Number of protein chains: 2
Amino acid sequence: MRPRNISVMLVDDHAVVREGYHRLLEKHEGITVVAEAADAAGAYQAYKSNNPDVVVMDVSLPGRGGIDAIRQIRQWDPNARLLVFTMHLSATFALQAFRAGAKGFVTKSSPPELLVSAVCDVAAGRVAICPEVSEAIARSRLQEDASVIDTLSPREFEVLRMLLDGRTAEEIAAAFNLSPKTVSNYHYAIKSKLGVSSDVELVLFGLRSGLVTLVEERKH
Amino acid sequence: MRPRNISVMLVDDHAVVREGYHRLLEKHEGITVVAEAADAAGAYQAYKSNNPDVVVMDVSLPGRGGIDAIRQIRQWDPNARLLVFTMHLSATFALQAFRAGAKGFVTKSSPPELLVSAVCDVAAGRVAICPEVSEAIARSRLQEDASVIDTLSPREFEVLRMLLDGRTAEEIAAAFNLSPKTVSNYHYAIKSKLGVSSDVELVLFGLRSGLVTLVEERKH
DNA sequence: TTCGACGTCAGGCAAATTTCCCAGGACCTC
DNA sequence: GAGGTCCTGGGAAATTTGCCTGACGTCGAA
């Protein structure tokens, strides 16, 4: 019982990129893009007024992260079907997304058709995971380093991402609408769970687990 | 003396994204996409056989980074016109790109038309920088970019390296036979000189300047 | 329905650390 | 000598850390 026509909402902070897969999806009959948003807040508003069948969203959004946006939307509509579409090839990210209520996870380096079929899958109520990610998840299950990070609660994970981005406690508190004290409590809880004792070790940990991505430049 | 028809080559490791602005650019008359590549090596090969007027490339490529690819292409054809198109809004990154020989720098969050006009500008021999980036460059110019790390005294540099290794102040003090107090004074001085306000930013700085090397191991 | 286990949020408070300024001494150079 | 930088740490205020506390909401099991 798949809908004859699937309405899709796109969430991505990069206008050009959004424009790009807007065209890509619309070229396929049966898929119509009915709304777009550039950040978490906009996504929530747009979802409420457009009620799309599927939301295709990047998780690295400015302001409150995409994981948080997923939870927010799922809270308003527990049947919302969200497909995460991101450049991050990380088991950790994917697990966090699914825990928040996502129904699919596709990387941007996948072949274009895969995004289209993933949208159809999610619209039909199926779960869609691209091969790379399912492989990464399987592999991470074998390691314990990545599994430690999966013990973080969704909020803790979001705070961690902000911290690793170099934000101060005040900035994070403002972004999430929390007390600075709460943020520093999370900060402490994160360090405890991950078994590190300083911020430096925290970043180093994030580096190893792929949460921090370094743009490498080689001086030949 | 602008070419009536601009031939463009796209380099981006994300197939869907590449497909996206492929369509975007082709929609404009006067622009034809003649080649695509997904990594640095492929870009070099494709450039040699297609000789496009303009190369639009993401710099966060797998393997040898995009900066390196720019240098390689410019070495083969000193007149190559390369437009960097990336999600990174970073002055140092842009400066690195221009130093390598890029002629333009546009972020992916720019409005779509800006990419099109930037392609035309670069094709016509002009330099194209999107407003966000030129502002970031201007701002970074004010805070003395000239290898800030060289202003560190020898001791400061040593302490910095230990810090970036995850050592505590006590460990460093013991290693150098100093008072822990002195170490924390150095710690403070280092952060002041480098213009960062937290340890997280400090590690991120070390990362960018190559002081911290991520040991990445291939797991297949 | 009641229970307990979590997750979220935030206040309190002592201890520790950071921040910022300062100063003495060693070692250069002019 | 005078003037510069570097190394070294003290002092005091400001802030963070570490760990506790409790309230509230949800969810699944008993």
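When reading the values below, keep in mind they use all heavy atoms of this one structure, side chains included, and skip hydrogens, waters and symmetry mates. Not measured: the values here are computed from a predicted model. Numbered from 1 within each chain, the chains take letters A, B, ... in sequence-line order.
Backbone-only contact: A:Ser153 has heavy atoms under 4.0 Å from sugar-phosphate atoms and none from a base. At the heavy-atom level, B:Glu158 lies nowhere under 4.0 Å from the strands shown. Base contact: A:Thr182 has a heavy atom under 4.0 Å from a base atom.
Among the nucleotides D:dA12, C:dC9, C:dG11, the one closest to the side chain of A:Leu178 is C:dC9. Of the candidate nucleotides D:dG10, C:dT18, D:dC7, D:dC7 has the atom nearest to the side chain of B:Tyr186. Which of C:dC20, D:dC19, C:dT8 sits closest to the side chain of B:Lys181 comes down to C:dC20. Of the listed nucleotides (C:dG12, C:dT8, D:dG11), C:dT8 has the atom at the smallest distance from the side chain of A:Pro154. Taking the side chain of A:His187 as heavy atoms from C-beta on, and the options C:dT19, D:dG9, D:dT17, the nearest nucleotide is D:dT17. Among D:dC7, D:dT16, C:dC9, the nucleotide with an atom closest to any side-chain atom of B:Arg155 is D:dC7.
Taking the six-membered ring for Trp and thresholds of 30 and 60 degrees, A:Phe98 and A:Phe105 have ring planes inclined between 30 and 60 degrees apart.
For A:Asn185 against D:dG18, a side-chain-to-base donor-acceptor contact under 3.5 Å is absent.
We find that CD1 of B:Ile190 is positioned 10 Å from P of D:dC7, with the value rounded to whole Å. Distance CZ (A:Phe176) to P (C:dA10): 13 Å, rounded to an integer number of Å. One can place CZ of A:Arg71 at 13 Å from P of D:dC27, the figure rounded to the nearest angstrom. Atom C1' of nucleotide C:dG7 and atom CZ of A:Arg74 are separated by 17 Å, given to the nearest angstrom. Summarising the geometry, the separation between CD1 on B:Ile172 and C1' on D:dC7 is reported as 16 Å, rounded to the nearest angstrom. The CZ-C1' distance, from B:Phe157 to D:dC7, rounds to 18 Å in whole Å. Atom CD of B:Glu170 and atom C1' of C:dT17 are 9 Å apart (whole Å).
B:Phe176 has its side chain within reach of B:Glu158: a pair of non-hydrogen atoms, C-beta onward, lies under 4.5 Å apart. Using a 4.5 Å cut-off on side-chain heavy atoms (C-beta onward), A:Glu171 and A:Thr168 make contact.
For the 3.5 Å distance criterion, the side chains of B:Asp58 and B:Thr86 qualify, holding a donor opposite an acceptor.
The side chain of B:Lys191 places an N or O atom within less than 4.0 Å of a non-bridging phosphate oxygen (OP1 or OP2) of C:dT19. Phosphate proximity of D:dT17 to A:Tyr188: absent, as no side-chain N or O sits under 4.0 Å from OP1 or OP2.
A cation-pi arrangement is not found for B:Arg155 relative to B:Tyr186, the charged atom failing to lie both closer than 6.0 Å to the ring centre and inside a 45° cone about the ring normal.
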